[in-house]
Amino acid sequence: MANSFFENVYHVVTMIRPGRVATYGQIATYLGNRRAARTVGWALRALPEGSSVPWHRVINSQGRISTSTTLQRVLLEEEGVKFDERGCIDLNRYLWEGPQ
DNA sequence: CGGTTGACTTTCC
DNA sequence: AGGAAAGCCAACC
């Protein structure tokens with residue numbers, strides 16, 4: 001599947017298991033470009049609402065949501081991801097371990 | 001083809 | 001510790 005970077009991002013995000021999260025940089029690194037984290041966010045931003053891609057499982061390196069909505073936090077909490085009082089996720093515990 | 005943009009990351013102060 | 005600035009990359013216009 002040597003499609004566009006776009007498609008690759010969607011594919012990787014889809015592989016993230018429920019209750020797990022991944023950072024933009026982590027995905028970029030997985031695709032071969034550690035520096036392309038911004039592009040990953042760019043791709044997810046362009047994602048339509050009804051998409052089957054679990055975009056809410058993608059967060060920034062600080063373990064916080066980067067979107068302008070709180071929907072992402074709600075969706076994650078429904079999957080069992082806990083947020084501390086500062087709105088941060090414990091990356092050491094919920095960070096994606098890789099495909100399967 | 002070239003400048004702009006952005007749901008990032010890292011480094012410096 | 002926390003905010004500001006710089007660096008980087010692919011898609012858009």
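Everything quoted here is computed from the prediction, not taken from an experiment. Here is how names work: the chains are called A, B, and so on, in the same order as the sequence lines, proteins then strands, and each is numbered from 1.
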Notebook entry, point to check: Can you find a side chain N or O atom of A:Asn60 that sits less than 4.0 Å from OP1 or OP2 on B:dA7?
Noted result: no
Next item on the list: Taking only Lys NZ, Arg NE, NH1 and NH2, and the carboxylate oxygens of Asp or Glu, determine whether A:Glu79 and A:Arg20 approach each other closer than 4.0 Å.
Entry: no
Next item on the list: May I have the distance from A:Arg64 (atom CZ) to B:dA7 (atom C1'), rounded to whole angstrom?
Entry: 15 Å
Notebook entry, point to check: Once you round it to whole Å, what is the distance between P of C:dA11 and CG of A:Asn3?
Noted result: 11 Å
Check: Given the rule that I, L, V, M, F, W and Y join up when any side-chain heavy atoms are under 4.5 Å apart, are A:Leu75 and A:Val53 in one cluster?
Finding: yes
Next item on the list: Determine: side-chain N/O of A:Arg45 to OP1/OP2 of B:dA7, distance under 4.0 Å, yes or no.
Entry: yes
Notebook entry, point to check: Closest to the A:Thr67 side chain: B:dA7, B:dT9, C:dC9?
Noted result: B:dA7
Item checked: N/O (side chain, A:Ser61) to phosphate O (OP1/OP2, B:dC8) under 4.0 Å -> no
Check: Does the pair A:Trp55 and A:Arg45 meet the rule for a side-chain contact (heavy atoms from CB on, under 4.5 Å), with working shown?
Finding: CA-CA 9 Å; A:Trp55 56 270; A:Arg45 180 183 77 71; over 6 Å; no
Notebook entry, point to check: Taking atom C1' of C:dG3 as reference, at what distance in whole Å does atom CZ of A:Arg86 sit?
Noted result: 15 Å
Check: Below 6.0 angstrom between ring centroids: does that apply to A:Tyr30 and A:Trp96?
Finding: yes
Notebook entry, point to check: Contact class for A:Tyr24 (heavy atom, under 4.0 Å): base, sugar-phosphate, or nothing?
Noted result: base
Check: Atom CZ of A:Arg35 and atom P of C:dA11: how far apart are they, to the nearest Å?
Finding: 18 Å
Margin query: Measure CG/A:Asn33 against C1'/C:dA11 and give the value in whole Å, please.
Written below: 14 Å
Margin query: C:dA11, OP1 or OP2 - any side-chain N/O from A:Thr39 closer than 4.0 Å?
Written below: no
Note to self: Could you tell me how far apart A:Leu47 (CG) and B:dG6 (P) are, to the nearest whole angstrom?
What the structure shows: 17 Å
Notebook entry, point to check: For the side chain of A:Arg38, counting heavy atoms from C-beta on, which of B:dC8, C:dC9, B:dA7 is nearest?
Noted result: B:dC8
Checklist line | Position toward the 5' end of DNA chain C (nearest nucleotide), A:Ala36 or A:Trp42 | finding: A:Ala36
Check: How many Å lie between OH on A:Tyr10 and C1' on B:dA7, as a whole number?
Finding: 12 Å
Next item on the list: Name the nucleic acid region contacted by A:Thr23, choosing base, sugar-phosphate or nothing; use a 4.0 angstrom heavy-atom cut-off, strictly under.
Entry: sugar-phosphate
Next item on the list: Kindly confirm or rule out a cation-pi arrangement of A:Arg38 over A:Tyr24, judged by NZ or CZ under 6.0 Å from the six-membered ring centre and within 45° of its axis?
Entry: no
Check: C:dA10 C1' sits how many Å from A:Phe5 CZ, rounded?
Finding: 7 Å
Note to self: Given B:dA7, C:dC8, B:dG6, identify the nucleotide with an atom nearest to the side chain of A:Leu44.
What the structure shows: B:dA7
